[in-house]
Student: 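Sharing a structure, written as structure tokens. Questions coming.
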Amino acid sequence: MLSKTYPRICVTGGAGFIGSHLCRRLIAEGVEVLCVDNYYTGARSNIVDLIGNPLFEVLRHDITMPLFIETDAIFNLACPASPIHYQYDPVQTTRVSVDGSINVLGLARRTGARVLQASTSEVYGDPAVHPQPETYLGNVNPIGIRACYDEGKRCAETLFFDYHRQYGTSIKVARIFNTFGPHMQPNDGRVVSNFIVQALRGEPITLHGDGSQTRSFAYVDDIVDGLIRLMLSDEGFTGPVNLGNPTEISMRILAETIVDIVGSSSELVFRPLPQDDPRRRCPDIALAEQALQWKPTVTVRDGLERTVAYFSKTLAA
Ligand code: UDP
């Protein structure tokens, strides 16, 4: 049981999109949660329902600074993850992944805590292999506008494995593919939140390029479940392991599906494709299936319906 193995868990980025869902789930399982967030892209509104719960504590802290707490396990989720946010201050984005990982790994080393890194499908860059297995080494432009995130996350993986080899730190690395669900920020520029907000407001749906580029979208509850399974996995299994939904769809189909669910009159409009925008992305999840007995359970359509319901309530309020 999670709360027996790890009675106290620290979640960095705990007020963020995935982090807030993770905190909620850990508390439901009886774990004492310390949520650490600097609120750069996280929001108090994401965790307001947890404040006052005796199992929940929040610390406003930036993980590029060292952190002195006691904990049994750490989920390191702190990092801006949407392109417009991580490109706003790219130097700081790299620091969050690199200095942040050094601080979090130092904390794990001092306390003996197990530490899980939220890595990303972006470590594969614009992939030349399809779908992407964990053994694929990636195709990242090291000097492009996405590099602050991609290379930062790649270096974070390096640091995790070096702490593991050099100091015996207990590590887990998850490569999270595109994730969506309630508590995405309506203005974070990501495709699912953008399209849903545009459809609900009857505004044009902004497709980048011709909309033929693909992504594979997992519902947030499935990803949280995968992260917890990974944290509880045998010591010998470090990952990296892909967590994502292997249902690949084009941005054009995504737009049409969202317009259909909302029953919107929005038209599709075409905008320039951003630099280094990956053409295709789809996880090979054979390793997660075998090592964690995990695979997504929520279909993209179901997840989109739940997310549309959340945004229509939030926007109305
Ligand atoms: N995208 C789009 N319209 C938007 C926002 C994004 O067509 O309003 C495209 C974007 O160019 C990319 C895909 O949707 O091809 C996914 O973008 P997102 O920023 O959500 O995530 P990432 O590129 O990091 O996977």
Side-chain angles (χ1 to χ4, degrees), residues 16-18 41 77 79-88 90 93-94 96-97 118-127 130-132 138-141 144-154 174-220 223 242-259 262 264 266-283 300 303-304 307-308 311:
F17 162 49
I18 298 180
T41 55
L77 271 57
C79 190
S82 95
I84 57 166
H85 286 147
Y86 71 63
Q87 287 163 8
Y88 178 75
T93 298
T94 303
V96 173
S97 282
S119 190
T120 167
S121 54
E122 285 283 325
V123 300
Y124 301 122
D126 188 6
H130 203 78
Q132 295 85 55
N139 178 32
V140 172
N141 172 4
I145 58 171
R146 294 175 87 105
C148 58
Y149 185 72
D150 302 9
E151 297 288 16
K153 288 283 191 179
R154 287 172 68 95
R175 291 183 178 156
I176 302 174
F177 282 64
N178 294 65
T179 304
F180 71 101
H183 296 298
M184 295 181 90
Q185 297 300 314
N187 58 351
D188 81 355
R190 273 188 277 205
V191 70
V192 172
S193 43
N194 266 14
F195 286 0
I196 291 179
V197 169
Q198 289 162 346
L200 285 168
R201 290 183 175 149
E203 292 168 1
I205 308 280
T206 52
L207 270 170
H208 296 169
D210 62 4
S212 64
Q213 71 274 29
T214 68
R215 295 291 187 273
S216 305
F217 296 98
Y219 190 66
V220 63
I223 294 299
N242 290 338
L243 294 179
N245 186 334
T247 310
E248 182 184 1
I249 61 170
S250 72
M251 295 311 97
R252 190 178 183 121
I253 299 290
L254 177 73
E256 287 168 0
T257 308
I258 289 173
V259 166
V262 171
S264 169
S266 293
E267 305 167 335
L268 308 187
V269 295
F270 296 87
R271 300 277 180 262
L273 193 66
Q275 189 195 321
D276 291 338
D277 200 279
R279 290 292 313 153
R280 295 184 76 182
R281 186 184 288 150
C282 180
V300 178
L304 286 173
T307 312
V308 165
F311 273 111

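Quick caveat, the model's predicted, so the values are computed rather than measured. Counting starts at 1 for both ligands and their atoms, following the listed order.
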Student: With a 4.5 Å limit on heavy-atom distance, are the side chains of Y149 and H85 in contact?
Tutor: no
Student: How far does CG of L200 sit from CZ of F311, to the nearest 0.5 angstrom?
Tutor: 8.5 Å
Student: Indicate, as side chain, backbone, both or neither, the part of P274 found under 4.0 angstrom from ligand 1 when only non-hydrogen atoms are considered.
Tutor: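 P274 to ligand 1: side-chain contact only, backbone stays beyond 4.0 Å.
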Student: For V140 and V123, work out which heavy atoms get closest and say how close.
Tutor: CG2-O, 3.5 Å
Student: Is a donor from one side chain sitting under 3.5 angstrom from an acceptor on the other, for Q198 and T206?
Tutor: yes
Student: For ligand 1, indicate whether the residue H208 contacts it via side chain, backbone, both or neither (heavy-atom separation under 4.0 Å).
Tutor: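 Both backbone and side chain.
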Student: Which atom names give the shortest non-hydrogen contact between F177 and G244, and what distance separates them?
Tutor: CB-CA, 4.0 Å
Student: Could you tell me whether R146 and E122 have a side-chain N and a carboxylate O separated by less than 4.0 Å?
Tutor: yes
Student: Considering heavy atoms of the protein only, find what lies nearest to atom 21 (O) of ligand 1 and give residue, atom and distance to 0.1 Å.
Tutor: N178 ND2, 3.6 Å
Student: Which residue from R215, M184, R271, Q198 reaches closest to atom 16 (C) of ligand 1 through any of its heavy atoms?
Tutor: R215
Student: Could you tell me, atom by atom, which parts of ligand 1 come under 4.0 Å of a heavy atom of G189?
Tutor: 5 (C)
Student: Quick one: list whatever passes ring pair (Phe, Tyr, Trp, His ring centres under 6.0 Å) with F180, sequence neighbours left out.
Tutor: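 Counting only residues at least two positions away or on another chain, F180 forms a ring pair (Phe, Tyr, Trp, His ring centres under 6.0 Å) with Y219.
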Student: At a non-hydrogen distance cut-off of under 4.0 Å, which region of R190 contacts ligand 1 (side chain, backbone, both, or neither)?
Tutor: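 Both parts.
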Student: Counting non-hydrogen protein atoms only, what is the nearest one to atom 13 (C) of ligand 1? Give residue, atom name and distance.
Tutor: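 For atom 13 (C) of ligand 1, the nearest protein heavy atom comes out as M251 SD, 3.7 Å.
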Student: Does one side chain, of T214 or E248, offer a donor that lies under 3.5 Å from an acceptor on the other?
Tutor: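 A pair is found: one side chain offers a donor N or O, the other an acceptor, under 3.5 Å apart.
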Student: At a non-hydrogen distance cut-off of under 4.0 Å, which region of R281 contacts ligand 1 (side chain, backbone, both, or neither)?
Tutor: side chain
Student: Run the numbers for me: atoms of ligand 1, each under 4.0 Å from some heavy atom of L207, listed by number.
Tutor: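 Within the 4.0 Å cut-off of L207, ligand 1 contributes 7 (O).
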Student: Can you give me the closest heavy-atom contact between D276 and G144, atom names plus distance?
Tutor: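 Looking at all heavy atoms of both residues, the shortest contact is OD2-CA, 3.4 Å.
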Student: I need the atoms of ligand 1 closer than 4.0 Å to a non-hydrogen atom of N194, numbered in the order shown.
Tutor: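 Those atoms are 4 (C), 5 (C), 8 (O).
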Student: Using a distance-only test with no angle check, is there a side-chain donor-acceptor pair under 3.5 angstrom linking S212 and R279?
Tutor: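 Distance-only check passes for S212 and R279.
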Student: Of the listed options (R280, R146, E122), which comes nearest to atom 23 (O) of ligand 1 when hydrogens are ignored and any heavy atom counts?
Tutor: R146
Student: Once you restrict to heavy atoms under 4.0 Å, what part of V192 touches ligand 1? Side chain, backbone, both or neither.
Tutor: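 Looking at V192 and ligand 1, no heavy atom falls under 4.0 Å.
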Student: For atom 17 (O) of ligand 1, what's the nearest protein heavy atom and its distance?
Tutor: V191 CB, 4.0 Å
Student: Could you tell me which atoms of ligand 1, counted from 1 in the order shown, lie closer than 4.0 angstrom to a heavy atom of Q213?
Tutor: 9 (C), 11 (O), 15 (O)
Student: Starting from atom 10 (C) of ligand 1, what is the nearest protein heavy atom, named by residue and atom, and what distance separates them?
Tutor: D277 OD2, 3.4 Å
Student: Note the single closest protein heavy atom to atom 4 (C) of ligand 1, along with its residue, its atom name and the distance in Å.
Tutor: T206 O, 3.4 Å
